[in-house]
Amino acid sequence: MTAVLESIYRGITYRGNEGHWAWILHRVSGLGIALFLSLHIVSIFLVGIGPKAYGWVHATLYVSPPAKILEVFLIFGVLYHAANGMRIIIIDFFPALGKYQRLIVRIELVIVILVFIPAAIITLASLF
Amino acid sequence: MKVTMRIRRFNPEKDKKPWWGEYTVDVEPTDRVLDALHQIKWYQDGTLTLRRSCAHGICGSDAMVINGRNALACKVLMRDVGKVCQVEPLRSMRIVKDLVVDMEPFFAKYRAVLPYLINEEEPPEKERLQSPEARERFDDTTKCILCAACTTSCPSYWANQDYIGPAAIVQAHRFIFDDRDQGALERLQILDDRDGVWRCRTVFNCVQACPRDIDVTKAIGEVKLAILEEL
């Protein structure tokens with residue numbers, strides 16, 4: 001546990017550039033997605049308990065405002081994790097592109113935000 | 001100009017854990033962080049321990065974390081560090097004392113990649129000739145001075161010190177792509193390991209940290225591709 005905390009401390013306190021922050025966001029979004037998948041498995045499993053519990057989670061809890069806000073974070077996490085993963089794969093196969101990595105991270109973020117904004121609006125629209 | 005130096009101090013014989021020492025130095029803007037450290041050691045506190053040899057960016061002895069980023073103390077100017085300059089020893093290495101870390105695990109990884117020319121053929125009378133184009137292929141990775149700034153800036157290395165690290169891969173690259181060398185396959189097999197090149201997460205901290213401006217991540221990427229093609 002100490003080693004994990006030390007590793008997190010080093011990650012946060014090191015003054016890296018775009019690649020470093022892209023890596024931290026990749027890890028955080030990955031953890032968020034893993035947490036969601038666990039929650040997803042549990043909520044689907046509720047069907048075994050009965051239609052009432054399953055219905056309450058999916059028709060009441062998941063459409064409540066806090067859940068919708070979390071869903072917006074999930075959308076961003078999935079979009080970012082996918083885009084950043086693609087960036088890493090592309091640079092792995094074309095190492096010479098590494099020279100432009102700071103620019104590539106910025107382009108990637110612009111693409112993620114352009115897709116994220118309409119998706120967030122659609123998700124939050126049901127609240128209004 | 002006056003600058004406050006915050007230095008991470010640790011004497012294993014006296015201290016239970018590292019602490020921050022604060023010193024005020026009077027320096028010229030064109031002085032280097034190493035000059036400020038010398039000023040402290042020579043005129044304020046002789047117990048401050050640091051490692052340096054050439055003091056001109058060639059030997060790689062004085063790599064440390066300066067304002068949160070790996071660099072050589074002899075290559076960072078005081079005008080670029082602000083009013084408070086924070087200096088720490090390299091991360092993920094055992095601290096021997098103050099800014100001196102145990103480099104032995106780092107050199108063990110360097111030795112592991114067979115960093116020397118392997119060629120079983122009888123050498124010609126004068127020298128093994130090489131075309132300028134063939135020499136150019138690995139020119140970038142010949143610049144490494146083994147300062148460990150790249151390896152200790154790598155998040156994969158922070159998390160797992162069994163990772164061979166960027167510096168050792170750079171050294172391997174220097175010989176793998178040398179057309180006079182015959183040991184490429186052996187080195188690629190060593191690096192094709194869970195603690196070899198595949199632990200690189202393409203974070204690019206190594207490129208930023210390298211005081212010799214080596215494109216470290218590109219070199220690692222080329223070794224990854226060579227493993228895919230050759231093994």
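In what follows, every chain begins at residue 1, and chains take the letters A, B, ... in the order their sequences are listed.
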### Task
Supply the atom-to-atom distance A:Ile90 CD1 to B:Thr202 OG1, rounded to the nearest 0.5 angstrom.
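Interatomic distance, A:Ile90 CD1 to B:Thr202 OG1, rounded to 0.5 Å: 12.0 Å.
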#### Entry: Between OG on residue B:Ser156 and CH2 on residue A:Trp23, distance to nearest 0.5 Å
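It is 7.5 Å, given to the nearest 0.5 Å.
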Are [X] and [Y] packed together at the side-chain level, in the sense that at least one heavy-atom pair is separated by less than 4.5 angstrom?
X: B:Lys218; Y: A:Ile91; answer: no
X: B:Gln208; Y: A:Glu18; answer: no
X: A:Pro95; Y: B:Leu225; answer: yes

#### Entry: For B:Asn70 against A:Tyr14, the heavy-atom pair lying closest together
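Scanning both residues, the minimum pair turns out to be N-OH, 3.0 Å.
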### Message
How close do B:Lys224 and A:Asp92 get, counting heavy atoms only, and between which atoms?
### Response
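Nearest pair, atom of B:Lys224 first, then A:Asp92: NZ-OD1, 3.0 Å.
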Within the supplied structure, the quantity of interest is the number of heavy atoms (other residues, nucleotides, ligands) at a distance under 6.0 Å from [X] [atom1]; does it exceed 12?
X: A:His58; atom1: NE2; answer: yes
X: A:Lys99; atom1: NZ; answer: no
X: A:Tyr62; atom1: OH; answer: yes
X: A:Met86; atom1: CE; answer: no

### Query
Judged by atom type as modelled, is there a donor-acceptor pair below 3.5 Å linking the side chain of A:Arg15 to the main-chain atoms of B:Arg69?
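Pair absent, no side-chain N/O of A:Arg15 close to backbone of B:Arg69.
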### Query
Hey, which of B:Val65, B:Leu228, B:Asn67 has the most heavy atom pairs under 4.5 Å with chain A?
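Of B:Val65, B:Leu228, B:Asn67, B:Asn67 has the most heavy-atom pairs under 4.5 Å with chain A.
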#### Entry: Contacting moiety of B:Ile220, where chain A heavy atoms sit under 4.5 Å
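Neither the backbone nor the side chain of B:Ile220 comes within 4.5 Å of chain A.
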### Message
Please classify the contact between A:Ala96 and chain B as side chain, backbone, both or neither, with a heavy-atom cut-off of under 4.5 Å.
### Response
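For A:Ala96, heavy atoms of backbone and side chain both lie under 4.5 Å from chain B.
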### Under 4.5 Å from any heavy atom of chain B - which part of A:Phe93
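Answer is both: backbone and side chain atoms of A:Phe93 are under 4.5 Å from chain B.
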### Derivation of the side-chain hydrogen bond (donor to acceptor under 3.5 Å, both in side chains) call for B:Thr152 and A:Arg10
CA-CA 10 Å; B:Thr152 56; A:Arg10 287 179 195 130; over 6 Å; no
### Message
One pair to check against side-chain contact (heavy atoms from CB on, under 4.5 Å): A:Thr13 and B:Arg91. What are the steps and the verdict?
### Response
CA-CA 11 Å; A:Thr13 55; B:Arg91 295 166 186 215; 3.0 Å; yes
